[in-house]
Amino acid sequence: MMQMDTYTNNFTRFQSSLQKGIAQIGPAKLGVGLSTLDLSTNATMSPAEVQARFDYIAQFPVLQVDIWQMPIPDFWWDLLKQFLLH
C-alpha cells in the first residue's frame, strides 16, 4: 500500500507520516512516497533533503519507496541503490 502522506517538503511531517504508516500498515506492506520536488516551490529537493529521508527510512524495515515525479534527478540513483542494498 502506497502512503501519500510522506509526499511533503516538511521533514518533521515526513517523519510523523512515516511512523503512522508503519504503525497502521506495517513496514512489509508499506510503500513510502517520495517527491523529487519541494512541493511548496516546485524546486528540486536538495541532495541533503533527500538523503535525510533515506536515512530516516533506513531506521525501519521498509521494503519499498515510490517516487512521485519523473525524471528522477541524477543524484537520486545512488541513494536508491543504497536503499535497495540495506
Side-chain angles (χ1 to χ4, degrees):
M1 177 177 278
M2 188 182 73
Q3 179 183 25
M4 295 181 68
D5 290 352
T6 52
Y7 289 126
T8 178
N9 52 295
N10 181 297
F11 187 67
T12 302
R13 182 170 175 210
F14 172 83
Q15 291 173 306
S16 64
S17 295
L18 178 57
Q19 291 171 11
K20 180 180 174 184
I22 288 169
Q24 292 180 343
I25 299 166
K29 295 181 181 179
L30 179 66
V32 180
L34 296 171
S35 178
T36 59
L37 302 175
D38 177 323
L39 300 175
S40 65
T41 65
N42 281 332
T44 300
M45 279 194 169
S46 73
E49 290 172 304
V50 179
Q51 181 71 62
R53 283 160 174 72
F54 276 106
D55 289 346
Y56 193 71
I57 292 167
Q59 296 178 41
F60 307 96
V62 171
L63 302 175
Q64 179 180 324
V65 295
D66 303 287
I67 302 169
W68 176 256
Q69 181 120 359
M70 294 290 281
I72 298 171
D74 289 341
F75 71 86
W76 277 69
W77 293 110
D78 285 335
L79 297 172
L80 289 167
K81 286 177 194 174
Q82 290 172 18
F83 170 76
L84 291 172
L85 296 174
H86 89 276

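FYI, the numbering just counts along the sequence from 1.
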### Query
Which of parallel (below 30°), tilted (30 to 60°) and perpendicular (above 60°) describes Phe11 and Phe14?
parallel
### Message
Asp66 vs Val32, test: side-chain contact (heavy atoms from CB on, under 4.5 Å). Steps then yes/no.
### Response
CA-CA 6 Å; Asp66 303 287; Val32 180; 5.9 Å; no
### Message
Starting from Val65, can I reach Ile25 by hopping between I/L/V/M/F/W/Y residues whose side chains sit under 4.5 Å apart?
### Response
yes
#### Entry: Reported CD-to-OG1 distance for the pair Gln15 and Thr8, which is rounded to 0.5 angstrom
11.0 Å
### Task
Would you mind reporting whether Leu18 and Leu30 have side-chain heavy atoms less than 4.5 Å apart?
yes
With a 3.5 Å cut-off and sequence neighbours excluded, list the donor-acceptor pairs that the side chains of residues 73-85 form with protein atoms.
none

### Summary
Between Gln64 and Val62, the two heavy atoms sitting closest are O-CG1, 3.5 Å
### Task
Identify whether Tyr7 and Ile67 are in the same connected component of the hydrophobic contact network (ILVMFWY, side-chain heavy atoms under 4.5 Å).
no
### Task
Search all heavy atoms of Pro27 against all heavy atoms of Pro61 and return the closest pair with its distance.
CB-O, 3.4 Å
#### Entry: Sole candidate of Val50, Leu37, Thr36 that passes side chain to side chain contact (heavy atoms under 4.5 Å, CB included) when paired with Met45
Val50
### Ile57 and Leu34, any side-chain heavy atoms less than 4.5 Å apart
yes
### Task
Could you state whether Ile22 and Met4 fall into the same hydrophobic cluster, counting links through intermediate Ile, Leu, Val, Met, Phe, Trp or Tyr residues with side-chain heavy atoms under 4.5 angstrom apart?
no
### Task
Verify, without hydrogens or angle tests, whether Arg13 (side chain) and Asn9 (backbone) share a donor-acceptor contact under 3.5 angstrom.
no
#### Entry: Backbone of Ser17 reached by a side-chain donor or acceptor of Gln3 within 3.5 Å
yes
